[in-house]
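A quick write-up on the structure given underneath.
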Amino acid sequence: MNDTTMLATRPKTGHAGDYDAVIVGAGISGMFMLYRLRELGLTAKVFETGTGVGGTWYWNRYPGARFDSESWTYGYSFSKELMQEWDWKEHFSPQPDTLEYLNYVADKFDLRRDIQFRSTVKSAHWDDAADLWTVTLDDGQQTKSRFLMTAIGILSAHTLPAIPGRDSFKGPAYHPARWPHTPVDFTGKRVGVIGTGATAIQAIPEIAKQAAHLTVFQRRPNWAAPLHNAKISKAEMDAIKSRYDEIYAHCAQTPSWFIHEADRRKAVDVSPEEREAFWEKLYAEPGFGIWMGNFRDILVDEKANALISDFIARKIRQRVKDPVIAEKLIPKDHGFGARRVPLESGYFETYNRDNVELVDVINDETIECITPNGVKTSAKEREFDILIYATGFDGVTGAFDRMDIRGKNGVRLREAWEQDGPRTYLGMLTEGFPNMLMVLGPHTARGNIPQAIEHTVQFQTGLLRHMLDHGLTHVETRPDKVDEWTQTVIKAAEPLLSSKVDSWQTGVNRNVEGRQVRRVLGYNGNGVHFRRTTDEVAKGGYREFVFR
Ligand code: NAP
């Protein structure tokens, strides 16, 4: 019997379950969690709906899908060998390359043998007497485990538009997060896209190049800025590899764990010339610098925000030939950066093409229904061969809501969070749900997602090591710590202009019942503070938790 089979038959946390831990999801979080649990000598089973690893990058195969984060800050950093082996081909990696990377990781660390694909977790119920979770899949298969690790992402519960007749369309209709595995051929086709979020902003320029005609139905426009992607040469990649320690150490010291951090100056304090020069520079640079590396007041001060919004609006007017269309593409209901800024590659120029039409479905027409042949608005019916619902996600809590998770005394997680929004400690544990660890749970730090994941998984597996070392099998949060963290999170969101705007980040999705009211769903404080807090908890012996 080899080490692996020994572990598989001998759980370490002294229970009568099948595994020490069940991990829900085989994306970036689930894969790393599995790797770490194995290191601890624990047995784990991953359940994954898809047929392969990769999570977000497995599902979102739409044309134009790629990182908005620098590729060389997005990979796992736990294995120096892996970092040296992998060559990123572009500064902002396209989805196929990223999926290839995640498959490479799965192969290198032999992860697939503990992942059960085509397996959707329907429910997870806590049994307090047995100290076990019972996890049930949609085909009825049941598994018992000591721990439940949710590795379900923040944008995995996709939502279709609540438009009458949606399912009556005769042609193919796709949501980008359920894109077919074989490329969709748009050649000679009339295509309709509903939605203009980050996903649509990536897909629209690519579809427009192929389709005979493309109609974009825009409800609210989003501010967007150029991505400036480029290939990475061999020499450049070698140079990046030689600087990995420095790059990741730098990211760990920035508020959102990107290479970018806010300029110390305030937009309102500098001269108009200095402001313009700085913004021209940022607009010409790759990545999120224009959002995260901008003057430090643009995301909190209305006046500073109005100045940067005016700058970006002028850019849109310069890039879009028809001034009427340009005005439709400029947001009027929120300022630049108050919603997650999509980075684009020729998005605005796409509206200069003869085969592209923009329909403003707030000010000019309203969508009445989907018909068998297309979309009927208050003005007319347009016929399409293909429809794309780029209508986003029930962010952060949506994927939790889709499972029937019940904690102590049969309390449902969905109901526990319904009234006042989620309540967690560090976004990782929630009251009344023992032994449930959330990787990207509500109220956790996010920013550069893989770095947030690595940090969280390290913290959580550190907690498990502590439990193993002390013969502990049951962990809960201390209620006072949940109160404290929930208040910290709410306070951190208060000064931000983004808190005053409807978006998936504030939990608003008009296509989902009960999701019309804003909630605080992420920790918007400084990532450095978050790291420090978690490090102190670990160093202090996890006194913020109650063990049994
Ligand atoms: P989204 O930003 O929520 O955009 C959804 C779009 O659909 C919005 O324009 C929305 O309009 C529209 N919409 C929804 N229901 C509609 C309806 N019934 N009728 C008409 N329009 C409707 O979703 P997303 O574009 O999928 O992006 C979500 C997040 O995913 C991003 O913010 C980002 O964090 C992430 N993402 C990342 C990348 C990347 O890293 N490169 C790429 C894509 C996405 P309203 O604004 O009026 O609601």
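Both counts, for ligands and for their atoms, begin at 1 and track the order of listing. Note that the numbering runs from 1 along the sequence shown for the chain.
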Under a 4.0 Å heavy-atom limit, does I194 contact ligand 1 with its side chain, its backbone, both, or neither? side chain

Hey, is A390 touching ligand 1 through its side chain, its backbone, both or neither, going by heavy atoms under 4.0 Å? backbone

Would you call R519 and D420 a salt bridge, taking side-chain N to carboxylate O under 4.0 Å as the test? no

Side chain, backbone, both or neither: the part of F67 lying under 4.0 Å from ligand 1 by heavy atom: backbone

Among G195, P331, A203, closest by heavy atom to atom 12 (C) of ligand 1 is G195

What is the ring orientation for F384 with F217, classed by angle as parallel under 30°, tilted 30 to 60°, or perpendicular over 60°? perpendicular

Please state which option from W504, Y62, W57, Y74 has its nearest heavy atom closest to atom 32 (O) of ligand 1. W504

Have a look at E349 and tell me which of K209, R319, K315 forms a salt bridge (charged side-chain N to carboxylate O under 4.0 Å, His left out) with it. R319

Between T391 and ligand 1, find which residue part has any heavy-atom pair under 4.0 Å and reply side chain, backbone, both or neither. both

Ignoring hydrogens, just give me the one of Q95, R339, Q202, R340 whose non-hydrogen atom is nearest atom 40 (O) of ligand 1. R340

Are any of the N or O atoms of R66 closer than 3.5 Å to those of ligand 1? yes

For ligand 1, does N511 get within less than 4.0 Å through its side chain, its backbone, both, or neither, judged by non-hydrogen atoms? side chain

Member of D502, D333, D360 meeting the side-chain hydrogen bond (donor to acceptor under 3.5 Å, both in side chains) criterion with R220: D333

